[in-house]
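Atom set for the values below is all heavy atoms of this structure, side chains included, hydrogens, waters and symmetry mates excluded. Counting convention: from 1, in listed order, for ligands and their atoms alike.
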Amino acid sequence: MIRSVVTGVGGYLPEEILTNADLARFVDTSDEWIRERTGIRQRHRAAPDQAASDLAVEAARKALEAAGRSPAEVDLIIVATTTPDLTFPAVATIVQRKLGCPVGVAFDVQAVCSGFVYALSTADGFVARGRSKCALVIGAETMTRLMDWSDRGTCVLFGDGAGAVVIEPGEGRGDASDRGLLGFALRADGTKQDLLYVDGGVSTNGQIGHLRMQGNQVFKHAVINISEAVTAAAEDAGVGIPDVDWFIPHQANQRILNGVASRLGLDESKVISTVAEHANTSAASIPLALAQGIADGRVRRGQLLLLEAMGGGLTWGACALRL
Ligand code: UT7
């Protein structure tokens, strides 16, 4: 059978770093509170002239280089983003133009922080059915543009960045020893919209709006729901949680990462955490953490990975893959 194999990974973080101390100069917060409650020490912020597509292009170039592919070979681009350059066209088509990719398929996926997992599943539908030979799946966000800088409950949590993977078809035997995307569990519950949303939009008030969150409510849902989805994705893949080499979660809060790992019975040494340096980069956080794990030599080809995320909607989901 054809499997969708991740053949290259890349990440990009904008140059400017905002530390907790930097924020404490203009928000009623402290480095101590942010570190204790979230694990975050700093976040990156895109320059005023950098749009989501600029971050995406940087990450995509690195992923293509790692895969040994050129932009000319890319026939599918999916960008998971909640902070697009423009209302339309999709960031994916802007990335296609900037990279110089040929005419192909390009579109965005909007599932907020879960966007990358949703986009991977969507790409799997193309690659595993023989409809794409070289796909780029990107998570790219400029979350700092959605912040209300007077709301200390949210503005300290988010950062900007992008991560990308190249996905290509590969022959598999149809069991869990195959390389590729092995299993998914995607979930959404629109009744929980009020817990996490942006109070602006094209067809409502015509504003970009600001991110609003009932953090402690989201927190409660996160640990329980994510654990269920991770277990379901592992089952879908035919693997057991103890078989997992690396757990690569969406990076929202170190306490959520630890809570989910503990609920799943996963040792914390198997968790890739970048929340301290990157903060929550929404759809970009999983591919950025994956890129970090590969760059520092922990995550290697052939290993079994579990990815998971939860975000506005509420949406959540998980993916089991062998690199
Ligand atoms: O990626 C999308 C998914 N998002 C998440 O997963 C986020 C989930 N939620 C969280 O990570 C946590 O709920 C937060 C980090 C947002 C908040 O932590 P918490 O332990 O749930 O705190 P809380 O909201 O219950 O607030 C506790 C106290 C409050 O003060 P009082 O009412 O007890 O006096 C807040 O006003 O902490 C206060 N507070 C702050 N103090 C200093 C809230 N934000 C801050 C802050 N600095 N930045």
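- Looking at ligand 1, you'll find an N or O of Arg37 within less than 3.5 Å of one of its N or O atoms.
- Using the six-membered ring where Trp is involved, Phe107 and Phe126 have ring planes that are tilted, between 30° and 60° apart.
- The closest approach between Leu23 and ligand 1 stays at or above 4.0 Å for every heavy atom of the residue.
- Distances below 4.0 Å separate heavy atoms of Cys113 from the following atoms of ligand 1: 1 (O), 2 (C).
- Using modelled atom types, no side-chain atom of Asp124 and backbone atom of Ser121 make a donor-acceptor pair closer than 3.5 Å.
- Ligand 1 lies nowhere less than 4.0 angstrom from a heavy atom belonging to Gln217.
- Just one residue in the list Arg69, Lys133, Arg179 forms a salt bridge (charged side-chain N to carboxylate O under 4.0 Å, His left out) with Glu168, and that residue is Arg69.
- Looking at Arg322, its side chain does come within 3.5 Å of a backbone N or O of Gly302 through a donor-acceptor pair.
- Atoms of ligand 1 found under 4.0 Å from any heavy atom of Ala252, numbered from 1 in the order shown, are 1 (O), 5 (C), 6 (O).
- At a heavy-atom cutoff of 4.0 Å, ligand 1 is contacted by no atom of Ala222, backbone or side chain.
- Counting heavy atoms of neighbouring residues, nucleotides and ligands inside a 6.0 Å radius, atom CD of Gln193 does not exceed 12 of them.
- Asp75 and Arg131 are not joined by a salt bridge, as no carboxylate oxygen comes within less than 4.0 angstrom of a charged side-chain nitrogen.
- Distances shorter than 4.0 angstrom occur between a heavy atom of Gly153 and an atom of ligand 1.
- Polar contact with ligand 1: present for Asn280 (N/O pair, distance under 3.5 Å).
- Among the atoms of Gly215, some N or O lies under 3.5 angstrom from an N or O of ligand 1.
- Protein heavy atom in closest approach to atom 15 (C) of ligand 1: Thr38 CG2, 3.5 Å.
- A donor-acceptor contact shorter than 3.5 Å links the side chain of Thr315 to the backbone of Ala111.
- Per-atom contact check: atom 1 (O) of ligand 1 touches the protein, criterion being a heavy-atom distance below 4.0 Å.
- Remark: the backbone N or O of His210 is paired with a side-chain donor or acceptor of Asp199 at under 3.5 angstrom.
- Heavy-atom proximity to Val156, at under 4.0 Å, picks out these atoms of ligand 1: 48 (N).
- Residue, atom and distance of the protein heavy atom nearest to atom 29 (C) of ligand 1 are Arg152 NH2, 4.7 Å.
- Of the options Gln251, Met143, Lys220, Met213, the smallest heavy-atom separation from atom 4 (N) of ligand 1 is shown by Met213.
- The distance from ligand 1 to the heavy atoms of Val218 drops below 4.0 Å at these ligand atoms: 3 (C), 4 (N), 5 (C), 6 (O).
- The environment of CG in Leu86 is crowded: more than 12 heavy-atom neighbours from other residues, nucleotides or ligands sit within 6.0 Å.
- Close contacts between ligand 1 and Met310 involve ligand atoms 1 (O), 2 (C), 3 (C) [criterion: under 4.0 Å to a heavy atom].
- The pair Asp28-Arg152 meets the salt-bridge criterion, since a charged nitrogen lies less than 4.0 angstrom from a carboxylate oxygen.
- Closest protein heavy atom to atom 44 (N) of ligand 1: Trp33 CH2, 3.3 Å.
- Here the side chain of Lys270 pairs no donor or acceptor atom with the backbone of Phe247 at under 3.5 angstrom.
- Under 4.0 angstrom from ligand 1, there are no non-hydrogen atoms of Val112.
- A salt bridge links Asp148 and Arg212; the closest N-O separation between the charged side-chain nitrogens and carboxylate oxygens is under 4.0 Å.
- The protein heavy atom nearest to atom 6 (O) of ligand 1 is Ile256 CD1, 3.2 Å.
- Not a single protein heavy atom sits closer than 4.0 Å to atom 34 (O) of ligand 1.
- The nearest heavy-atom contact from the protein to atom 24 (O) of ligand 1 is Asn216 ND2, 4.2 Å.
- Of the possible polar contacts, one joining the Asp245 side chain to the Leu304 backbone as a donor-acceptor pair under 3.5 Å is found.
- Here the heavy atom of the protein found nearest to atom 47 (N) of ligand 1 is Thr29 OG1, 2.7 Å.
- Contacts between His250 and ligand 1 below 4.0 angstrom, taking non-hydrogen atoms only, involve the side chain exclusively.
- Distances from atom 21 (O) of ligand 1 to the protein include at least one heavy-atom value under 4.0 Å.
- Regarding atom 16 (C) of ligand 1, its nearest protein heavy-atom neighbour is Leu157 CD1, 3.7 Å.
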**Item:** Glu141 and Thr281: CA distance, side-chain angles, deciding distance, side-chain hydrogen bond (donor to acceptor under 3.5 Å, both in side chains) verdict
**Value:** CA-CA 6 Å; Glu141 299 281 20; Thr281 57; over 6 Å; no
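- For atom 14 (C) of ligand 1, the closest heavy atom belonging to the protein is Asn253 ND2, 4.5 Å.
- Annotation: Phe26, atom CZ; neighbour count of heavy atoms from other residues, nucleotides and ligands within 6.0 Å is above 12.
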